[in-house]
Amino acid sequence: MSSRRGTALLAAGVLVAAWLVGSTALAVMGVGLAFAAAMTRLWAALVARGLDAERAAPAHAPVEGETMRLAVQLRGRRWLASRVELHDRLGPLGERLMRFDGRGHARLALERVPRGRYRLGPGVLVAHDPLGLTSVELEVAGEATVLVRPRVPELQSLFTDSGRWGEGGRRAALRRPSGLDPHGVRDYVEGEPLRAVHWPTSARRGELMVRELEDAPRDSVAVLLDVEAEAVAGPAGGSSLDEAVRVAAGLIRAHAARARRAVLAIGAPTPQLHRVSGLAQDWEAALDALAGVEPASGAPLQQLVAARGVLAHVPELVVITARPEAVADALVARRAVGRSSALVAIDAPTYAGRPPSAASPTLLRLAGSGVPLAVVRDGEPLAEALAGIRARNVG
């Protein structure tokens, strides 16, 4: 816009000078400049009304640490411009410059992208005229979002594969949902098998009564991810929260692969629950939810784990947190009533370059109460830490 105005002002100045000095050459030059200013104004109007850019989502959801490839298609009268560029904003990555080729395609490859939700735009489309006299800037709305998913560790074994570990290192049998649980008793109907008769009730009432069965709750295990901002340490992509997200993804996938119905609970100020029954659509939705996890203040971890919390009915609970003291009492209480509980403690200071923390009284208390636990630290193999969640991993 400023170039077009400058050309118009220059044309006016040259025409005035030509009139004052009576120079035909200056007059011709002024007319030429005025014509050029008019043509650039017309060019700008044509380009502004007929040029737009459309972002194309990646064909496959990128995974953290890999290369994220973005593509933009230029639409409209691109032949009117000698060069078109897009200055686009990619969320926390800042602004990037993308240049369009002769077919109107622009591509950008970003290496080692951290996990997260990236909002593309708003951007600015800059078109340059063939004479190099002016350019036009057009706003491109920020309507696209790209999710970069976390890496999912392959866990070959889990502590739940062989039972939870109680006092003295003894294994306790796992409680797995059988599909049908006793719900009540009702009158016997002729033809029903006698094995369904509830004999104590029948003896008390003097008539045959049978157990009435209903579907048991299908949620076998819940994985609770703590996202409290005050407990997060380390840079984006390599923070303690990023590691906690990987832990949650690995545990959920391992249980889903074993045909166990799992619940992913994201302990944000407004908690999110995602049920995963297999490695299909609900697993993909859980991965997308984990991709967008961000630190948040005021995560209600205690309320979620409490005896009357939303996860109280789940037979097995795994809590992933960098502040085990917030859930220690609730995990011990669950253990006391026969419900399986485990803790994955994230040693957050190690993700900020500090040495590993010593075993805290909280972890020692949990280990002494028979709560299986693992400590995950920066630089240590994640799968090894999670393969056998036992008290020996406290140190």
Side-chain angles (χ1 to χ4, degrees), residues 52-75 78 83-126 140-155 225 227 232-254 256-257 264 266 279-281 283-295 351-353 376 378-383:
D52 193 14
E54 179 181 355
R55 302 181 182 91
H60 303 284
V63 177
E64 62 176 338
E66 298 180 354
T67 300
M68 180 170 68
R69 303 183 186 279
L70 302 176
V72 183
Q73 175 64 53
L74 189 64
R75 301 188 181 280
R78 62 177 184 270
R83 187 173 80 253
V84 182
E85 302 167 342
L86 175 62
H87 299 261
D88 209 5
R89 178 164 293 278
L90 308 179
L93 298 180
E95 186 177 286
R96 293 290 190 276
L97 175 62
M98 304 177 69
R99 291 187 172 89
F100 294 91
D101 58 23
R103 296 180 297 173
H105 299 289
R107 294 176 176 82
L108 181 65
L110 301 171
E111 297 181 352
R112 304 183 63 82
V113 179
R115 174 195 61 84
R117 185 186 301 271
Y118 294 85
R119 186 173 184 271
L120 305 185
V124 177
L125 199 63
V126 181
V140 179
E143 299 177 350
T145 300
V146 176
L147 290 173
V148 178
R149 291 175 169 178
R151 295 196 311 273
V152 183
E154 292 288 341
L155 305 180
L225 173 63
V227 300
V232 177
S239 70
S240 57
L241 179 59
D242 291 308
E243 191 77 289
V245 168
R246 296 180 198 115
V247 172
L251 290 175
I252 289 291
R253 189 188 187 283
L264 169 64
I266 300 175
L279 301 179
Q281 184 175 357
W283 161 243
E284 298 290 328
L287 264 184
D288 288 342
L290 288 171
V293 165
E294 296 180 354
Y351 294 85
V376 176
D378 186 27
E380 297 183 0
L382 182 58

Residue pairs meeting salt bridge (Lys or Arg N to Asp or Glu O under 4.0 Å), one or both in residues 90-113, sequence neighbours left out, come to E85-R99
Worksheet item: side-chain contact (heavy atoms from CB on, under 4.5 Å) between L74 and L125: does it pass, once the steps are laid out?
Response: CA-CA 10 Å; L74 189 64; L125 199 63; 3.8 Å; yes
What one should report as the nearest heavy-atom pair of R151 and P153 is O-CD, 3.5 Å
Heavy-atom nearest pair, V152 first then A249, reads CG1-O, 3.8 Å
Rounded to the nearest 0.5 angstrom, the CG-CD1 distance for L155 and I252 is 11.0 Å
Residues P295 and V232: closest non-hydrogen pair is CB-CG2, 4.2 Å
Mind listing the side-chain donor-acceptor pairs of residues 238-247 below 3.5 Å, one per line with the distance, residues two or more places apart or on another chain?
residue	atom	partner	partner atom	Å
S239	OG	L241	N	3.4
S239	OG	D242	N	3.2
S239	OG	D242	OD2	2.8
S240	OG	A233	N	3.0
S240	OG	A233	O	3.4
D242	OD1	R115	NE	3.0
D242	OD1	R115	NH2	2.8
D242	OD2	G237	N	2.8
D242	OD2	G238	N	3.4
D242	OD2	S239	N	3.2
E243	OE1	R246	NH1	3.0
E243	OE2	Y351	OH	3.1
R246	NE	E64	OE2	2.7
R246	NH2	E64	OE1	3.2
R246	NH2	G237	O	3.0

Rounded to the nearest 0.5 Å, the CG atom of L86 sits from the CZ atom of F100 at a distance of 5.0 Å
Hits for side chain to side chain donor-acceptor pair (under 3.5 Å) against R55, two or more places apart or cross-chain, chain-then-number order -> D88
(message) Does any part of the side chain of P62, heavy atoms only, come nearer than 4.5 Å to the side chain of T67, both counted from C-beta?
(response) no
Within-4.5 Å side-chain heavy-atom neighbours: L225 and L290:
yes
For V227 and V293 the tightest heavy-atom approach is CG1-CG1, 3.6 Å
Interatomic distance, CG@L90 vs CE@M98, rounded to 0.5 Å, equals 8.0 Å
Any side-chain heavy-atom pair of L110 and Y118 under 4.5 Å:
no
Would you say that more than 12 heavy atoms from the other residues, nucleotides or ligands in this model lie under 6.0 Å from the CD of E284, or not?
yes
Value for CG (L120) from OG1 (T145), rounded to nearest 0.5 Å, stands at 7.0 Å
Note to self: Working note: R149 + E66, criterion salt bridge (charged side-chain N to carboxylate O under 4.0 Å, His left out); need CA distance, chi angles, decisive distance, verdict.
What the structure shows: CA-CA 10 Å; R149 291 175 169 178; E66 298 180 354; over 6 Å; no
